[in-house]
Number of protein chains: 2
Amino acid sequence: MEIKKATTIHDIARALDLNSSTVSRALNDHPRVSSKTKEKIKAKAKELDYQPNHLAANLRTSKSKTIGVIIPHISRYFFSTVIAGIEDIAQQQGYNVIICQSKDETQKEINSVEALLKSRVDGIIISPAMQDREFDHLQKALDQHIPVFFFDRYAESLETTKVIMDDLKTAEKLCDHLLEQGARKILVLSGPESASIYRNRILGIKESFRKNDYDINEHLSILNTDLKTEPAYLAVKKWLEKKAVPDAIYALNDMAAFGAIKALKEKRIQIPGEVMVVGFSNEPVSELITPSLTTVNQPAYEMGKLVTRKILLQIEEKVASYLSETAILKSEIIIRESSRKVK
Amino acid sequence: MEIKKATTIHDIARALDLNSSTVSRALNDHPRVSSKTKEKIKAKAKELDYQPNHLAANLRTSKSKTIGVIIPHISRYFFSTVIAGIEDIAQQQGYNVIICQSKDETQKEINSVEALLKSRVDGIIISPAMQDREFDHLQKALDQHIPVFFFDRYAESLETTKVIMDDLKTAEKLCDHLLEQGARKILVLSGPESASIYRNRILGIKESFRKNDYDINEHLSILNTDLKTEPAYLAVKKWLEKKAVPDAIYALNDMAAFGAIKALKEKRIQIPGEVMVVGFSNEPVSELITPSLTTVNQPAYEMGKLVTRKILLQIEEKVASYLSETAILKSEIIIRESSRKVK
DNA sequence: GTGAAAGCGCTAACAT
DNA sequence: ATGTTAGCGCTTTCAC
């Protein structure tokens with residue numbers, strides 16, 4: 001079994017009677033190499049089917065050319081779509097991606113950061129776990145000059161770049177819509193208020209009430225669940241047994257909305273006739289269920305691409321490391337059957 | 001801004017007045033190092049917060065400690081769940097993972113293999129694009145002694161390890177179920193027969209007909225779609241307008257089943273009263289739609305873990321490279337409302 | 001059981 | 001514009 005060794009820059013140098021450093025420079029488009037030799041070198045490289053050894057280059061420059069990504073659940077449609085965007089940009093720029101799932105558990109997230117730092121990633125992109133209250137683990141990365149960028153969810157206490165949605169505004173508009181459809185008593189299924197996105201969405205909802213002059217205390221109820229289908233189902237079921245039936249259930253994600261729908265159907269409560277339901281984040285199923293679910297579509301793929309472009313700019317020092325920006329992407333309300341009372 | 005350099009094996013060696021090669025050996029648990037020195041070295045390593053530089057080790061051993069994964073769509077629940085399994089095992093064994101999406105396009109897949117070979121991955125795990133008819137691109141990897149392992153879908157022409165489902169048997173059982181429920185005329189929504197899994201599922205269905213003595217030609221119709229919701233919806237709609245309404249629609253994935261349900265609902269055909277519907281591969285939505293969808297649950301996470309364990313055994317030469325095995329995982333039929341005619 | 005020495009393939013400071 | 005040289009941090013063969 002004959003294994004012919006791969007071509008190196010030395011082979012190219014030898015073949016052209018040049019020095020390997022010139023070859024290296026030529027292949028990296030260094031300005032101080034005459035275009036004539038550059039051409040010669042590149043031609044020879046192609047001829048010998050030269051494949052650069054990134055391991056060697058990375059060792060030398062002590063860059064891993066790898067970025068770490070930490071997300072709650074890879075198999076959630078929103079997140080896997082973000083990953084697609086991250087992978088696309090990263091690959092295109094010659095970076096690898098390490099994906100870690102936190103399962104929305106703070107401890108797992110801490111471990112992942114630890115592991116990523118050990119693998120010497122050049123940067124970390126994260127959407128932190130719902131329950132996170134402290135961010136020392138991320139601060140540690142920043143202390144080592146590893147950029148940490150957020151998407152969707154973020155830590156307010158860290159001054160770093162984030163790509164987020166215009167959640168407050170969108171949540172407000174969605175609430176406007178429910179009020180227009182005649183809803184007064186609204187039950188919100190929320191996640192932990194410590195998480196930026198849920199807090200923002202609730203602020204939007206309250207703003208909608210305020211500007212429409214509806215009494216928040218009287219008409220708005222907020223139920224904290226962990227925004228999963230089953231717990232939301234149980235919570236709504238319990239609510240319906242003990243408290244007044246609301247005019248609308250406003251879930252802060254689609255998963256929870258599915259649970260609410262299940263509970264309502266079980267009690268034979270008409271949707272949207274008696275109770276309207278809206279969700280957030282447009283799971284692909286949402287248009288397929290009965291009734292199809294009004295929700296908010298978030299540009300996940302774009303988000304992944306954008307946050308990756310931004311972190312790579314910082315990693316490659318094309319942008320100052322002390323610059324932190326907040327990019328806000330527009331999301332879009334999709335009105336479907338579950339909230340369409342008035343035809 | 002003071003950046004203290006990371007500890008290396010030389011630092012440890014110096015601190016203990018030993019040679020760096022001994023340190024290297026000790027940390028790798030080489031047998032020919034006295035356990036006393038091993039202990040000393042490990043203690044010192046911990047004390048100095050030594051973090052091995054994998055880049056250096058990988059360069060030296062010319063292993064990238066990276067495996068490439070090629071899947072059709074990362075945001076499909078089945079695949080992202082497989083990825084979760086792959087990542088878990090890989091990370092645990094110190095490997096990184098590069099994920100590529102083929103979008104079910106052969107050309108993209110070819111490009112991905114090319115890119116993975118350039119990144120010098122140690123192995124490739126793939127579920128090939130639906131339409132693939134040739135596998136020269138994968139053969140090329142094998143020629144370079146890069147193991148290529150399949151999961152779910154596979155190329156029959158390549159002799160290599162694969163982890164697949166017992167699709168034929170399961171498809172047969174699901175068909176048995178439909179026949180038991182009284183279905184006679186069955187319309188199958190299939191993908192390209194060139195793909196192993198669809199061919200196998202159809203064989204299973206035919207087997208069910210055969211053993212129950214029902215005439216295949218008379219009662220079984222097969223409609224090729226690309227197994228996406230919208231095209232399936234259109235195909236079924238057209239079918240219902242021109243041909244006889246079947247007793248059951250048997251879609252070879254859930255996406256297509258959703259399309260069929262949409263078309264049936266539009267024509268106000270009762271499910272399962274007039275037409276039963278079954279799918280395949282248990283999208284998380286399937287239990288949430290109305291009616292909830294009978295389908296087949298595939299152990300995706302387990303599949304990802306298993307195929308990764310297997311390829312790592314081969315990469316680390318704990319198993320002969322000429323050994324190719326076929327591991328078959330059991331999938332499970334989940335009967336829900338859409339096919340429950342008889343109470 | 002431990003040490004010496006070479007080298008994986010590349011880059012970059014310095015020299016010319 | 002090109003060459004010289006050193007070295008990134010590790011593994012591994014060969015000595016002893």
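Here is the naming used below: chain letters follow the sequence lines, and residue numbers restart at 1 for every chain. Everything numeric here is computed off the predicted structure, so don't read it as measured data.
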- Look at the side chain of A:Ser75 and the backbone N and O of B:Thr81, then say whether any donor-acceptor pair between them is shorter than 3.5 Å. no

- Is the backbone N or O of B:Leu55 less than 3.5 Å from a side-chain atom of B:Asn58, with the two atoms forming a donor-acceptor pair by type? no

- Between atom CG in B:Asn58 and atom P in D:dT12, what is the gap in whole Å? 12 Å

- Which one of B:Leu116, B:Ile67, B:Ile315 satisfies the side chain to side chain contact (heavy atoms under 4.5 Å, CB included) criterion with B:Val121? B:Leu116

- Taking NZ, NE, NH1 and NH2 as the nitrogens, is one of them in B:Asp104 or B:Arg76 under 4.0 Å from a carboxylate oxygen of the other? no

- Note on the structure: Heavy-atom contacts, protein to nucleotides 9-16 of chain C, under 4.0 Å, summarised as B (base), S (sugar-phosphate only) or - (none) per nt, yield BBBBB---

Atom pairs and distances, side-chain donor-acceptor, residues 87-101 of chain B, under 3.5 Å, sequence neighbours left out:
from: B:Glu87; atom 1: OE1; to: B:Gln91; atom 2: NE2; distance (Å): 3.2
from: B:Asp88; atom 1: OD2; to: B:Tyr301; atom 2: OH; distance (Å): 2.5
from: B:Gln91; atom 1: NE2; to: A:Ile99; atom 2: O; distance (Å): 2.9
from: B:Tyr95; atom 1: OH; to: B:Glu316; atom 2: OE2; distance (Å): 2.8
from: B:Gln101; atom 1: OE1; to: B:Ile74; atom 2: N; distance (Å): 3.1

- Here the pair of heavy atoms bringing B:Asp152 nearest to B:Ile164 is O-CG2, 3.5 Å

- With five pairs defining each end axis, the helix from C:dG1-D:dC16 to C:dT16-D:dA1 comes out bent, to 10°, by 30°

- Task: Decide, yes or no, whether a salt bridge links B:Lys140 with B:Asp143 under the criterion of side-chain N to carboxylate O below 4.0 Å.
- Result: no

- Item | Side chain B:Asn28, main chain B:His30, donor-acceptor under 3.5 Å | no

- Task: Please state how far atom NZ in B:Lys63 lies from atom P in D:dG9, giving the value in whole angstrom units.
- Result: 24 Å

